[in-house]
Amino acid sequence: MSFLIGSPIAQVLAPGRLTGLLRRAGRDAILVPLEVLPERLAATVAALKAAPNVAAILVTLPHKTPVAALCDRLSPAARFLDAVNACRRAPDGTWEGDNFDGAGMAAAILGAGGRIEGAQVHMVGAGAAATSIAVALLDRGAAGLSFNDILPEAEARLLAILSPAYGPRVSVARAQAAADADIIVNASHCGLHAGDPLPVPVDCLREGQLVADVITDPLDTPLLEAARARGCATVSGGDMLDGQLRLLASFAEGEEI
């Protein structure tokens with residue numbers, strides 16, 4: 001048995017999709033969604049770790065960075081990102097964490113016919129998911145990645161993480177920089193609630209761009225609707241999840257699915 005923790009949790013698609021994948025692979029396994037408030041995170045993770053039939057804990061917002069600190073070991077990617085979206089019980093009983101958000105988004109973009117190598121990317125958001133996505137796209141050859149966030153301190157933190165590894169390929173820019181991007185990624189909460197403004201101005205969207213969104217409820221966000229109306233290719237949060245499902249399942253089960 002594995003759990004997915006986050007807050008809120010009702011919008012997350014992974015429990016049904018990952019459980020279905022495991023069942024189709026012949027596994028007697030289930031992923032259970034569990035809403036965990038930030039103030040109860042440490043106690044809840046400790047309780048899950050103490051239960052011997054819990055094989056893995058998957059993690060969504062806002063717990064990806066705090067849970068990294070609760071793991072005994074991190075993969076190189078998770079250590080660089082200081083964030084996990086999955087941790088599992090190792091054979092020796094310790095807990096190891098990894099992060100597959102970026103790999104999922106990259107797979108979804110390529111699956112939609114997008115080209116990452118040589119592309120200019122603009123990303124909205126500077127949290128844990130944004131960091132993972134930025135690293136995945138830069139590692140796959142994106143020529144440049146600019147980003148913005150409503151919190152200046154989040155922008156500064158992400159720039160400090162990325163600059164030593166990627167130098168001038170990374171910059172902070174206003175949302176209007178999306179007009180010059182080949183790929184636009186919304187890696188923020190914007191679009192999760194009715195009435196949220198678009199992450200980027202609609203006049204920044206043009207035919208030939210690919211627009212991706214991490215939001216899973218609704219899958220068809222206002223940003224993606226506006227992008228399609230402007231002739232853009234689109235990638236939804238569900239596509240991103242599908243891009244990492246097999247990676248997450250294999251990690252949770254400890255062997256390739």
Side-chain angles (χ1 to χ4, degrees), residues 1-105 107 127-129 131-133 135-136 189 192 214-217 237-238 240-257:
M1 177 180 292
S2 300
F3 287 83
L4 171 66
I5 60 173
S7 182
I9 201 71
Q11 82 286 356
V12 179
L13 302 176
R17 293 192 182 193
L18 190 60
T19 298
L21 175 62
L22 290 167
R23 295 292 173 84
R24 290 191 296 274
R27 303 304 174 94
D28 182 16
I30 186 171
L31 178 63
V32 180
L34 189 64
E35 178 144 8
V36 180
L37 298 177
E39 60 268 26
R40 301 300 301 163
L41 177 64
T44 302
V45 170
L48 293 175
K49 286 180 175 181
N53 66 328
V54 175
I57 305 169
L58 273 57
V59 188
T60 189
L61 298 172
H63 301 321
K64 294 180 181 183
T65 294
V67 171
L70 301 176
C71 295
D72 299 302
R73 290 188 309 282
L74 298 175
S75 70
R79 191 179 310 112
F80 179 83
L81 298 165
D82 190 29
V84 301
N85 72 337
C87 53
R88 67 182 176 189
R89 190 190 307 273
D92 63 0
T94 58
W95 284 78
E96 52 193 8
D98 209 335
N99 193 303
F100 302 100
D101 281 330
M105 178 58 82
T131 307
S132 181
I133 291 167
V135 169
H189 294 275
L192 185 59
V214 303
I215 301 294
T216 57
D217 185 17
M240 174 182 165
L241 174 61
D242 287 341
Q244 62 178 316
L245 273 181
R246 197 165 296 278
L247 296 173
L248 287 168
S250 298
F251 180 80
E253 290 292 291
E255 59 185 10
E256 188 171 351
I257 299 297

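Since we're looking at a predicted model, the values are computed, not measured. Quick note: numbers below take in every heavy atom, side chains included, and nothing from hydrogens, waters or symmetry partners.
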Passing option when Glu255 is tested against Arg27, Arg246, Arg88 for salt bridge (charged side-chain N to carboxylate O under 4.0 Å, His left out):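 Going through the options one by one, the only one that passes is Arg27.
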Looking at [atom1] of [X] and [atom2] of [Y], how far apart are the two atoms once the value is rounded to the nearest 0.5 Å?
X      : Y      : atom1 : atom2 : answer
Ser2   : Leu22  : OG    : CG    : 7.5 Å
Leu58  : Asn85  : CG    : CG    : 6.5 Å
Ser132 : Asp82  : OG    : CG    : 12.5 Å
Leu81  : Ser75  : CG    : OG    : 8.0 Å
Ile9   : Leu4   : CD1   : CG    : 4.0 Å
Met240 : Ile133 : CE    : CD1   : 4.0 Å

Looking at [X] and [Y], would you say the former's side chain and the latter's main chain have a donor-acceptor pair under 3.5 Å?
X      : Y      : answer
Thr216 : Gly237 : no
Thr94  : Ala90  : no
Asn99  : Ala83  : yes

Identify the heavy atoms of [X] and [Y] that sit nearest to each other, and give their distance.
X      : Y      : result
Cys71  : Cys87  : SG-CB, 3.7 Å
Thr65  : Ala128 : OG1-CB, 4.0 Å
Leu247 : Ala103 : CD1-CB, 3.9 Å

Tell me which pairs pass ring pair (Phe, Tyr, Trp, His ring centres under 6.0 Å) where either residue lies in residues 46-104, with sequence neighbours left out.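 Pairs touching residues 46-104 that pass the test: Phe100-Phe251.
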Show me the side-chain donor-acceptor pairs of residues 28-57 shorter than 3.5 Å, one per line, residues at least two apart or across chains.
{"from": "Glu35", "atom 1": "OE2", "to": "Ser7", "atom 2": "OG", "distance (Å)": "3.1"}
{"from": "Thr44", "atom 1": "OG1", "to": "Arg40", "atom 2": "O", "distance (Å)": "2.8"}
{"from": "Lys49", "atom 1": "NZ", "to": "Leu70", "atom 2": "O", "distance (Å)": "2.3"}

With salt bridge (Lys or Arg N to Asp or Glu O under 4.0 Å) as the rule and sequence neighbours excluded, what pairs involving residues 63-74 come up?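 Sorted pair list: Lys64-Asp101, Arg73-Glu96.
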